[in-house]
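Just below is one structure, and these are the notes that go with it.
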Amino acid sequence: HHHHHHDHHHHHHHHHHCPLPPLLITLLASLVLPRTSATAADSILEKVRAAVTPILQRRAHEFNSSFSFGFSNEEGSISVVAGVEDPWAQSPMTETTMVPAGSTTKSWTAVGVLQAAEQGKLKLSDTIAQYLDPILGRLNSTSLSQLWGEGVLDNCTIDHLLSMKAGIQDYNNTAILLETLYAKIPIDITPIDFINMVDKTLVCPVGSCVYYSSINYMMLGLILVQIHGLNNWEDFNQKSIIPDALADRYKHVIFPLSGACSKHPNVSHQYWHYSQSYSVIYEYNMFVDLYEESCLNGWTCGNIAASGESLANFWYDLGSLKLVNNASFQSMVEFQPLVNDWCPGCYYGKGLILIPGEWKPMDPNVPWQETALLGHPGEDWGSGTSPICGGNAKYKFGVCMAYNSVFGMNCSLPDIRNNRYMNPDTGCEVYAAVLSVVTGKPNYLNCTRDEYKPPGPIPICEWKHRLEREPSGFQITGDKRLLERIPDVV
């Protein structure tokens with residue numbers, strides 16, 4: 001099960017492609033609403049809290065993991081947390097815990113670029129070399145044409161980067177994972193490293209396909225550094241896109257730069273999962289804590305760590321036009337189908353992902369737009385926010401559910417293989433509960449799936465603070481030494 005460092009919706013298995021109406025007219029209403037003075041008892045916020053709390057507590061216990069959930073609307077916002085985020089210390093997930101949320105960062109980066117365009121500091125139609133060559137020269141002694149070849153990216157614009165239309169390849173996930181997990185000390189792979197290392201052959205000519213690549217968003221970060229007159233990539237304050245008046249809504253958001261996650265107070269532990277079947281009857285599962293690894297996660301494409309509540313606030317504020325103006329927001333929601341095979345049925349706007357028909361209402365007459373989330377799920381190797389992290393334009397709320405392990409970590413499940421459904425199933429159940437509250441209709445979504453049926457394989461599980469650093473840096477897949485140890489464990 002190949003886990004990309006960023007969002008990967010392939011575990012949803014969408015095999016249908018729904019046509020999109022022109023410009024998603026139905027989704028484009030801005031979320032501006034008059035403030036209502038609801039009493040506490042009939043508050044939507046309190047009803048959502050009451051509906052999702054038991055689900056999150058039950059699921060956190062079932063899967064030996066933890067969640068940070070947030071919901072935001074015109075009344076305000078709530079946080080619901082559940083579970084234990086560090087199994088060694090048995091420390092609970094708290095409302096101040098910040099969970100690394102991967103590619104959700106891209107929406108913040110897109111907002112920063114659109115704000116710069118609104119301020120006249122750049123135009124989306126500008127070609128990128130004029131901004132990137134000075135900073136690449138300063139930090140890397142190279143230029144765009146030296147890296148990609150003469151003329152190759154000459155007509156690539158800021159808009160192409162934002163919309164994933166640059167044709168630029170994505171980084172090699174396996175290489176980055178191995179380098180990170182087997183480094184002797186926490187290793188920060190910088191945006192300059194990523195840009196140097198990425199395959200320079202284009203996926204398609206510039207502008208001719210929509211291909212998701214985190215490299216595009218690292219480049220946008222460097223462009224922001226350049227236009228704000230800063231020297232180094234580390235100098236850019238990614239939180240500066242939030243207006244001072246809204247700062248209180250984002251207390252639990254940071255954008256880690258160099259160093260391990262452990263050096264940032266209140267950042268959660270995150271567990272990378274590796275599994276290997278062994279002689280049909282056994283399944284070896286290893287959970288590796290990434291807390292002592294680099295928290296940089298590619299920088300402006302993936303380094304945010306936040307509470308679910310802060311991310312829910314972001315989606316509500318974005319849709320309410322408190323972060324960008326209406327024209328910018330409309331451009332964010334012009335969606336086109338992604339061609340990446342790990343995200344079937346996914347559409348990309350500018351810093352937003354949409355999956356039409358992702359949710360299955362019990363009532364087949366409910367149009368998909370009413371359940372669609374305009375947002376950006378993210379997933380690091382250990383933690384993330386997929387599948388629910390976005391804004392609902394029909395009912396005008398923001399929602400996000402972050403978790404600190406991509407897979408469930410309960411090795412006592414009746415069938416251990418069902419750990420892989422923790423996030424899609426919990427996400428669907430939670431979102432169904434939210435929609436039931438806001439619509440007043442019970443059982444709003446169909447969240448059933450074919451689960452694995454016991455008896456499954458016999459589980460062999462190990463939790464590790466870090467991987468052993470072996471001088472040879474052995475390959476993870478099919479590693480014989482790993483497997484040879486398993487019979488002793490049994």
Open item on the list: Under a 3.5 Å cutoff, is there a donor and acceptor pairing between the side chains of N423 and T426?
Closed with: no
Open item on the list: Would L323 and L114 count as a side-chain contact (heavy atoms from CB on, under 4.5 Å) here? Give the steps.
Closed with: CA-CA 9 Å; L323 304 177; L114 291 166; over 6 Å; no
Open item on the list: Does any part of the side chain of D425, heavy atoms only, come nearer than 4.5 Å to the side chain of R59, both counted from C-beta?
Closed with: yes
- [ ] Can you see which heavy atom on A110 is nearest to which on G351, and at what distance?
- [x] CB-CA, 3.9 Å
Task: Salt-bridge criterion met for K441 and D363 (N-O under 4.0 Å) - done: no
Task: Nearest heavy atoms of L139 and N231, plus distance in Å - done: CD2-O, 4.0 Å
Task: Any side-chain donor near an acceptor of the partner, S103 and K106, under 3.5 Å - done: yes
Open item on the list: Looking only at side-chain N and O atoms, does D289 offer a donor or acceptor that is under 3.5 Å from a partner on W272?
Closed with: no
Open item on the list: Is it the case that the side chains of E292 and S262 hold a donor-acceptor pair, with the cut-off being a distance below 3.5 Å and no angle test?
Closed with: yes
Task: Side chains of I78 and E46 in contact at under 4.5 Å (non-hydrogen atoms) - done: yes
TODO: For side-chain contact (heavy atoms from CB on, under 4.5 Å), just list the numbers for L224 and T300, CA-CA rounded to whole Å, side-chain angles, deciding distance to a tenth of an Å, and then say yes or no.
DONE: CA-CA 10 Å; L224 289 171; T300 43; 5.8 Å; no
Open item on the list: Please evaluate residues W315 and S107 with respect to the criterion side-chain contact (heavy atoms from CB on, under 4.5 Å), reporting the C-alpha separation (whole Å), side-chain torsions for both, the decisive distance (0.1 Å), and the verdict.
Closed with: CA-CA 9 Å; W315 303 122; S107 305; 3.3 Å; yes
- [ ] Please answer whether the main-chain N or O of G408 pairs with a side-chain N or O of S405 as donor and acceptor at a distance below 3.5 Å.
- [x] no
TODO: Determine the interplanar angle of the Y348 and Y217 rings, folded into 0 to 90°, and report it as parallel if under 30°, tilted if 30 to 60°, perpendicular if over 60°.
DONE: perpendicular
- [ ] Could you tell me whether the side chain of E379 and the main chain of V406 form a donor-acceptor pair under 3.5 Å?
- [x] no
Task: Whether K123 side chain and G120 backbone form a donor-acceptor pair below 3.5 Å - done: no
Task: Test item: side-chain donor near acceptor, Q336 and S163, under 3.5 Å - done: no
Open item on the list: On a heavy-atom basis, which atom in D170 and which in S214 lie closest, and how many Å separate them?
Closed with: OD1-N, 3.1 Å
Open item on the list: To check you understand the geometry: which heavy-atom pair defines the closest contact between G382 and L290, and what is its length?
Closed with: N-CD1, 3.7 Å
Task: Interatomic spacing from CZ in F69 to SG in C400 - rounded to 0.5 Å - done: 9.0 Å
Open item on the list: Could you measure the distance from the CG atom of L161 to the NZ atom of K350? Nearest 0.5 Å is fine.
Closed with: 11.0 Å
TODO: Find out whether L122 and I223 are in side-chain contact, i.e. whether some heavy atom of one side chain is under 4.5 Å from a heavy atom of the other.
DONE: yes
TODO: Start with the C-alpha gap between I168 and M219, add the side-chain angles, then the distance that decides, and say whether side-chain contact (heavy atoms from CB on, under 4.5 Å) holds.
DONE: CA-CA 11 Å; I168 293 170; M219 287 180 165; 3.8 Å; yes
Open item on the list: Here's a test for you: under ring-ring contact (aromatic ring centres under 6.0 Å, His included), which of W368, Y444, Y431 qualifies with W359?
Closed with: Y431
Task: Short side-chain to backbone donor-acceptor contact, N232 and D235, under 3.5 Å - done: no
Open item on the list: Can a donor-acceptor pair be found, under 3.5 Å and without considering hydrogens, that links the side chain of K263 to the backbone of S258?
Closed with: yes
- [ ] Scan side-chain atoms only and decide if T385 and T104 contain a donor-acceptor pair under the 3.5 Å cut-off.
- [x] yes
Task: Stacked cation flag R49 on F71, 6.0 angstrom / 45 deg - done: no
- [ ] State which residues pass side-chain hydrogen bond (donor to acceptor under 3.5 Å, both in side chains) with S68; sequence neighbours excluded, sorted by chain then number.
- [x] none
Task: Residues that W233 engages under ring-ring contact (aromatic ring centres under 6.0 Å, His included), provided they are two or more places apart - done: W299
Task: side-chain hydrogen bond (donor to acceptor under 3.5 Å, both in side chains) involving Q169 - partner list, sequence neighbours excluded - done: T201
TODO: Look only at the side chain of S320 and the backbone of K322, and say whether a donor-acceptor pair between them is shorter than 3.5 Å.
DONE: no
Task: Separation of H160 NE2 from N155 CG (nearest 0.5 Å) - done: 6.5 Å
TODO: Step through the shown structure and confirm whether more than 12 heavy atoms of other residues, nucleotides or ligands are within 6.0 Å of NE2 on H61.
DONE: no
Open item on the list: Under a 3.5 Å cutoff, is there a donor and acceptor pairing between the side chains of D199 and N172?
Closed with: no
Open item on the list: Under a 3.5 Å cutoff, is there a donor and acceptor pairing between the side chains of E85 and S268?
Closed with: no
Open item on the list: To the closest 0.5 Å, what do you measure between CG (N140) and CG (L222)?
Closed with: 9.5 Å
Task: Residues that R58 engages under side chain to side chain contact (heavy atoms under 4.5 Å, CB included), provided they are two or more places apart - done: I55, E429
Open item on the list: Name the residue from Q130, R138, K121 that meets the side-chain hydrogen bond (donor to acceptor under 3.5 Å, both in side chains) definition with Q226.
Closed with: R138
Task: side-chain contact (heavy atoms from CB on, under 4.5 Å) partner of D317, the single match among V111, L246, V324 - done: L246
Open item on the list: Do E309 and N313 pair up side chain to side chain, a donor and an acceptor below 3.5 Å, judged on atom types alone?
Closed with: no
Open item on the list: Restricting to ring-ring contact (aromatic ring centres under 6.0 Å, His included), what partner residues turn up for F67, sequence neighbours left out?
Closed with: none
Open item on the list: As an exercise, state the distance from CE of M93 to OG1 of T96, rounded to the nearest 0.5 Å.
Closed with: 10.5 Å
Task: S386 backbone acceptor or donor facing Y403 side chain under 3.5 Å - done: yes
Open item on the list: Working to the nearest 0.5 angstrom, can you tell me the gap between Y347 OH and L374 CG?
Closed with: 14.0 Å
TODO: Measure across N216 and A166 and return the closest heavy-atom pair with its distance rounded to 0.1 Å.
DONE: OD1-CB, 3.8 Å
TODO: Only one of D86, N404, T97 passes side-chain hydrogen bond (donor to acceptor under 3.5 Å, both in side chains) with H269; say which it is.
DONE: D86
Open item on the list: Strictly distance-based, threshold 3.5 Å: is any side-chain N or O of S383 a donor or acceptor partner for the main-chain N or O of P100?
Closed with: yes
Open item on the list: Donor-acceptor pair, distance only, cut-off 3.5 Å: does the side chain of T127 make one with the backbone of A129?
Closed with: no
TODO: Report yes or no: does T105 contribute a side-chain atom to a donor-acceptor pair with the main-chain N or O of N303 at less than 3.5 Å?
DONE: yes
Open item on the list: Testing the basics here: between V253 and A306, what is the closest heavy-atom pair and its distance to 0.1 Å?
Closed with: CG2-CB, 4.0 Å
Task: Atom NZ of K239: over 12 foreign heavy atoms under 6.0 Å - done: yes
Task: Min side-chain heavy-atom separation Y211-K165 under 4.5 Å - done: no
- [ ] Taking the six-membered ring for Trp and the full ring for Phe, Tyr or His, determine whether the centres of W342 and Y212 are under 6.0 Å apart.
- [x] yes
- [ ] Indicate whether any N or O donor in one side chain lies under 3.5 Å from an N or O acceptor in the other, for D159 and T157.
- [x] no
Task: By ring-ring contact (aromatic ring centres under 6.0 Å, His included) - contacts of Y250 (at least two apart) - done: W108
